[in-house]
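Proteins get letters first, then strands, A, B, ... in listed order; numbering begins at 1 in each.
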Protein chains: 2
Amino acid sequence: MGITRVIGRQAERPPRKPGSNVTMEFKHQATVTLAEVAEAAGVGESTVSRVLRNHGSFSGKTRERVMAAVERLGYVPNRIAGTLASTGSRLVAFVIPSLSNIVFPDVLRGASAVLEENRYQAVFSVTDYDPGKEEALAAAMLAWRPAAVMLAGYEHTEGTVKMLRASGCRIVELLDLDGDALDIAVGFSNRAAGRESAAFLLRRGYRRIGYVGHDLNRDTRAGKRFSSFCETLDAHDAPLVAREILAGASSVENGRLGLERLLARTTDLDAVYFSNDDMALGGYFHCLAQGIAIPSKLAIFGYNGLDIGRVTPQPLSTIRTPRVATGQIAAQMVVANAPPQAVDLGFELIEGATA
Amino acid sequence: MGITRVIGRQAERPPRKPGSNVTMEFKHQATVTLAEVAEAAGVGESTVSRVLRNHGSFSGKTRERVMAAVERLGYVPNRIAGTLASTGSRLVAFVIPSLSNIVFPDVLRGASAVLEENRYQAVFSVTDYDPGKEEALAAAMLAWRPAAVMLAGYEHTEGTVKMLRASGCRIVELLDLDGDALDIAVGFSNRAAGRESAAFLLRRGYRRIGYVGHDLNRDTRAGKRFSSFCETLDAHDAPLVAREILAGASSVENGRLGLERLLARTTDLDAVYFSNDDMALGGYFHCLAQGIAIPSKLAIFGYNGLDIGRVTPQPLSTIRTPRVATGQIAAQMVVANAPPQAVDLGFELIEGATA
DNA sequence: GGTTTTTTTGGCAGCGCTACCAATTTGCTG
DNA sequence: CAGCAAATTGGTAGCGCTGCCAAAAAAACC
């Protein structure tokens, strides 16, 4: 199983014919400016600007002449200059914890579609779930004077909050509603998700429940789910029996490993709650491999509602979160300059077949 | 299985206390400028600029005074203005086909880490595998005068190529080496991957081989793998027996569905090549669910080497591609302003247990 | 035809910063 | 302490565009 060979690496290609990149020494070769277009079209600069932005008034005749000149010279407007000259940019900054966790690409995907339609531009950076890094990256983002900054959740350093507040740009906190929004928040309640997950398992009659999770200090949303999950169990006199928390990010491998360890220590569990679907799939595979009957011998419950969980031989019992919609709504609110508010998109409990 | 309830959606929260967003009417409230910092520190503007960029010479004393003023006023440099004034920006533009296919988040992840270290900023947009959209989005990105534009593969419209060439910024083509690079290319050969996959299956003794894929016209890299896969089979007198190509993007669900359809039509296959691991996992799950023995009754081979494929009860036989490394190397080359070249990162064949 | 309106236009002052250059200060040497 | 080199510093002209205002042209009206 899994012996590996490195193949397919060929010799490096020779540098390409030099002709095409002699000018590459200089940053922006022969950049055509608006002034040149104006000159070529025989009109004033502001006229060109108006035509290109389709803003203000101008005759059809001049429009054609300007467009012809633009075409002929291959003019590409400089939005750096445009943004500086005008008020407010059309940049939206995303400061996200990770790109490995599919949650964030999903949010970006939803947002990006809306932003592109509205001629906004998305910029992003990745914090690795590190609040200090979030602060540094948020600062770097603000330097681009974005129209909005989108962040994950409510847990930010004091410095981050102060900086964002002072910036005057819109602040959007995503995927969490358990706390006070700085400005706009779009998502759902992780506490509610944890609670509903526990209630579901209890309803199904499971009483000896364990947990397999990843680093909760970093992923505070997973932490919120877990704590309200436990509270709900406690409230029903079926406290959590055992937990296994792995360092590092969530992954299928960690889920498998976590369940293996948990079962090695605790033999009489009847259900396990995982910090998310990646982890849960790992647990599911572990059971398949070990011949542990699901859900009769052990039930499995995840979080996120990934597509893959619907196609496994037994569909995964989980909670589906509106990740793409979160991105879409957030972007729409920024574009529309909506008033400060928290928007709850809710989530769905998928009963599946593993619990 | 899979009954679903919508829960967790609460009433919308009321707008927040107005005090904090009265100033929100104006775009950038009370923006502190470099001139104000200079004033406050009692030095010239250029001195502040030098200190902040740590460029040119200045005494330790002035450094302190400037930094104190920066701190006191909460100054955030305006990179829009900075970029306009200086030559060359520190923006890198990504024009990627998709965020659903984990390949691209992986590339972004690798690149983003390197770019952040070097104080570059990543901006992106998503083409949905549409060359026309790629052209439009590339044009939009060029308006930000990025230091480099990163694209997937070699297939671009004439207009895109012309525009990129004229822009004078670096052009990086990712994840494909089967063609001529415009400037820099980083990735591996998809043709080689298709060839090696076929060779592996033939070596293992499979002769009645089928294919399940997704829309190949859009994902040209998958198309290249498939065509060289078929060529290799032909060269060994074991031509492809059947194929099932699904419209739309690759997904686990489509993989399952594709294999189901393929097997309904063709009963005597001994192996199936999938367009990627997502599809292959779908096929794998189908076999698990249907009790089709793997690999004795049917072998499965994928592409990408996703982590999840290593944790399934039987590790997936596939080819692992260096996606994160592709992003890293690409970013490094841009940062270092490397000469035009094609860098082949190769790939690994993972024998796994499904073929 | 002469006005009054309305529509189109061009000029130009910045947006906030960097790059260049010249002026100033500091440090050394003999 | 003069005399010169080196290290610091400030002034200022743009970067390419937009926003404002006034001028010019076209349209509408009496």
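- Residue side chain Thr33(B) does not reach the base of dG16(C) through any donor-acceptor N/O pair under 3.5 Å, judged by distance alone.
- If you measure from atom CD of Glu39(B) to atom C1' of dG16(C), you get 16 Å, rounded to the nearest angstrom.
- For the pair Ala81(B) and Arg50(B), nearest-nucleotide mapping onto DNA chain D gives the more 5' position to Arg50(B).
- The side chain of Leu34(B) sits closest to dC17(C) out of dC17(D), dC17(C), dG16(C).
- Distance from the side chain of Ser49(B) is smallest for dT18(C) among the nucleotides dT8(D), dC17(C), dT18(C).
- Counting any heavy atom pair closer than 4.0 Å across all strands shown, Ser86(B) reaches sugar-phosphate atoms only and no base atom.
- Residues Ile80(A) and Leu84(A) have side chains not in contact (no heavy-atom distance under 4.5 Å, counting atoms from C-beta outward).
- For the pair Arg63(A) CZ and dT7(C) C1', the computed distance is 17 Å after rounding to whole Å.
- In this model, the phosphate group of dG10(D) is approached by a side-chain N or O of Thr47(B) to a distance below 4.0 Å at OP1 or OP2.
- In this structure, Arg53(A) reaches the sugar-phosphate backbone alone: every heavy-atom distance under 4.0 Å involves primed, P, OP1 or OP2 atoms, never a base.
- Counting non-hydrogen atoms under 4.0 angstrom, Thr83(B) reaches nothing in the nucleic acid.
- For Ser59(B), whose side chain is taken as the heavy atoms from C-beta onward, the closest listed nucleotide among dC17(D), dT8(D), dC20(C) is dT8(D).
- Gly42(A) comes within contact range of the sugar-phosphate backbone alone, with a heavy-atom separation under 4.0 Å but no base atom that close.
- The distance between atom NE2 of His55(B) and atom P of dT18(C), rounded to the nearest whole Å, is 10 Å.
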Handout entry: Step-by-step side chain to side chain contact (heavy atoms under 4.5 Å, CB included) determination, Glu173(B) to Ile184(B)
Key = CA-CA 6 Å; Glu173(B) 294 167 292; Ile184(B) 291 174; over 6 Å; no
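- If you measure from atom CZ of Phe58(B) to atom P of dT25(C), you get 20 Å, rounded to the nearest angstrom.
- The CD-P distance, from Glu36(B) to dG16(C), rounds to 9 Å in whole Å.
- Distance Arg65(B) CZ to dT8(D) P: 15 Å, rounded to the nearest Å.
- Counting only N and O atoms by type, the side chains of Ser49(B) and Glu45(B) include no donor and acceptor under 3.5 Å apart.
- A donor N or O paired with an acceptor N or O is found under 3.5 Å between the base of dG11(D) and the side-chain atoms of Ser46(B).
- Annotation for Glu39(B): atom CD does not count as buried by contact number, only 12 or fewer foreign heavy atoms lying within 6.0 Å.
- The closest side-chain heavy-atom distance from Thr127(B) to Ile96(B) is not below 4.5 Å.
- Taking atom CG of residue Leu142(B) and atom C1' of nucleotide dG16(D), one finds them 16 Å apart after rounding to whole Å.
- Between Ala85(A) and Glu45(B), the residue anchored nearer the 5' end of DNA chain D, judged by the nucleotide with its closest heavy atom, is Glu45(B).
- Side-chain atoms of Arg145(B) stay outside donor-acceptor range of the base of dG16(D), with no qualifying N/O pair under 3.5 Å.
- Here Ser57(A) lies in heavy-atom contact (under 4.0 Å) with a base.
- Under the 4.5 Å side-chain criterion, counting only non-hydrogen atoms from C-beta, Arg79(B) is not in contact with Arg145(A).
- Rounding to whole angstrom units, CG of residue Leu52(B) and P of dT18(C) are separated by 8 Å.
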